[in-house]
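Input: a single structure, listed below in C-alpha cells.
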Amino acid sequence: EDQVTQSPEALRLQEGESSSLNCSYTVSGLRGLFWYRQDPGKGPEFLFTLYSAGEEKEKERLKATLTKKESFLHITAPKPEDSATYLCAVQALNRGSNYKLTFGKGTLLTVNP
Amino acid sequence: NAGVTQTPKFRVLKTGQSMTLLCAQDMNHEYMYWYRQDPGMGLRLIHYSVGEGTTAKGEVPDGYNVSRLKKQNFLLGLESAAPSQTSVYFCASSYRGARSTEAFFGQGTRLTVV
C-alpha cells in the first residue's frame with residue numbers, strides 16, 4: 001500500500017528564516033511526486049511534479065528535491081504570504097492505479113512578520 | 001478558464017437526507033476524482049473516473065455513489081447522509097499523459113450533516 005508521511009505537522013518561522021519540509025514515501029514504483037499548496041478554505045494548488053531521484057524544481061522561494069525515499073520542499077527567506085498548508089502526494093506505477101494520488105496529511109507553515 | 005467548479009460551496013443536511021454534489025471541468029480532462037478532507041486525515045479518495053461512462057471505487061467509497069454521464073461533469077451522491085460524512089469535499093481532474101500529470105482541484109464543498 002502506498003504511504004506518504006509529512007513532517008513536521010506544523011512549522012512556525014520568522015520572515016526570512018529558511019527551512020525545509022519533509023515528505024517520506026513508500027510506493028511500489030514511483031510515477032510522480034507532487035507538491036501542492038493549500039490556503040484556508042481553498043482547494044489545493046499545484047506547485048511541482050518530480051519524476052525521478054535527483055530531480056529538482058524551483059519556483060520563487062520554493063525548491064523541491066527528490067530522492068528514492070523522500071522529497072524536501074526548501075523555503076528560502078520565506079515571507080508571510082508563504083503561510084499555508086503544504087501537501088505532498090505520490091502517484092504509483094501500478095497498472096491498475098497509476099492515475100490516483102495518495103496524499104500525506106500536510107505541513108502547516110506559518111511565517112511571522 | 002474556470003478550471004474545476006464545484007456546486008454548492010456549503011450545505012447543511014439532516015441525517016438521512018440525500019444530495020448531489022456537482023463537479024464541472026472545462027479543461028477536457030479524461031480523469032476526474034472526488035476526495036474528502038478531514039482534520040488529521042488528509043485527503044482521501046472516494047471515487048474516481050477514467051473516462052465518460054466509467055467510475056471506480058477509491059479508498060473510502062461506502063455511502064457514496066457517482067456518475068459521469070458527460071466528460072466534463074462528475075457527480076457525487078449521498079443517498080442517506082450520516083454525521084460521519086461531515087467533511088470538505090474536493091473534486092479534481094487531470095489529463096491522461098505519458099508521464100504523471102498534476103490534478104487540478106476545485107474550491108471545495110463544505111458539508112455538515114446534523
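Labels below follow one simple rule: chain letters A, B, ... track the order of the sequence lines, proteins then strands, and each chain is numbered from 1. Keep in mind the model is a prediction, meaning the values are calculated, not measured.
Under the 4.5 Å side-chain heavy-atom criterion for grouping Ile, Leu, Val, Met, Phe, Trp and Tyr, I75(A) is not connected to L108(A) through any hydrophobic cluster. Taken together through direct or relayed side-chain contacts under 4.5 Å among Ile, Leu, Val, Met, Phe, Trp and Tyr, F104(B) and M32(B) form parts of separate hydrophobic clusters. Hydrophobic cluster membership differs between L76(B) and V4(B), with clusters built from Ile, Leu, Val, Met, Phe, Trp and Tyr side chains linked at under 4.5 angstrom. By the rule that hydrophobic residues join a cluster once side-chain heavy atoms approach within less than 4.5 Å of another member, L50(A) and L47(A) end up as members of one cluster. W34(B) and F105(B) are not part of a single hydrophobic cluster, where members link through side-chain heavy atoms under 4.5 Å apart.
Shown here is E1(A), whose CD atom has no more than 12 heavy atoms of other residues, nucleotides or ligands within 6.0 Å. The number of heavy-atom neighbours closer than 6.0 Å to CD of Q17(B), taken from other residues, nucleotides and ligands shown, is above 12. Within 6.0 Å of CZ in R12(A) there are 12 or fewer heavy atoms belonging to other residues, nucleotides or ligands. For CD of E79(B), the number of neighbouring non-hydrogen atoms (other residues, nucleotides, ligands) closer than 6.0 Å is 12 at most.
Y35(B) and F103(A) have their aromatic ring centers within a separation under 6.0 angstrom.
Scanning both residues, G43(A) and F90(B), for their nearest heavy atoms gives CA-CE2, 3.3 Å. Between E102(B) and T49(A), the shortest heavy-atom contact is OE1-OG1, 4.2 Å.
Taking 4.5 Å as the limit, some side-chain heavy atom of K100(A) sits within range of a side-chain heavy atom of Y48(B).
F72(A) belongs to no multi-residue hydrophobic cluster, having no ILVMFWY side-chain contact under 4.5 Å with any other such residue.
Here F46(A) contributes atom CZ and S94(B) contributes atom OG; the two are 11.5 Å apart, rounded to the nearest 0.5 Å.
At a heavy-atom separation below 4.5 angstrom, chain A is approached by no residue within residues 59-72 of chain B. Contacts between residues 18-25 of chain B and chain A, defined by a heavy-atom separation under 4.5 Å, are made by no residue at all. Contacts from residues 106-114 of chain B to chain A, taken as heavy-atom pairs separated by less than 4.5 Å, involve G106(B), Q107(B) in sequence order.
In this structure, the portion of Q38(A) lying under 4.5 Å from any heavy atom of chain B is its side chain and not its backbone. Using a 4.5 Å cut-off between heavy atoms, Y36(A) contacts chain B through its side chain alone, with no backbone atom that close.
Under the 3.5 Å distance criterion, the side-chain polar atoms of K105(A) are matched with a main-chain donor or acceptor of G40(B).
For the pairing with L43(B), the side chain to side chain contact (heavy atoms under 4.5 Å, CB included) check across T102(A), L101(A), L87(A) returns one residue only, L87(A).
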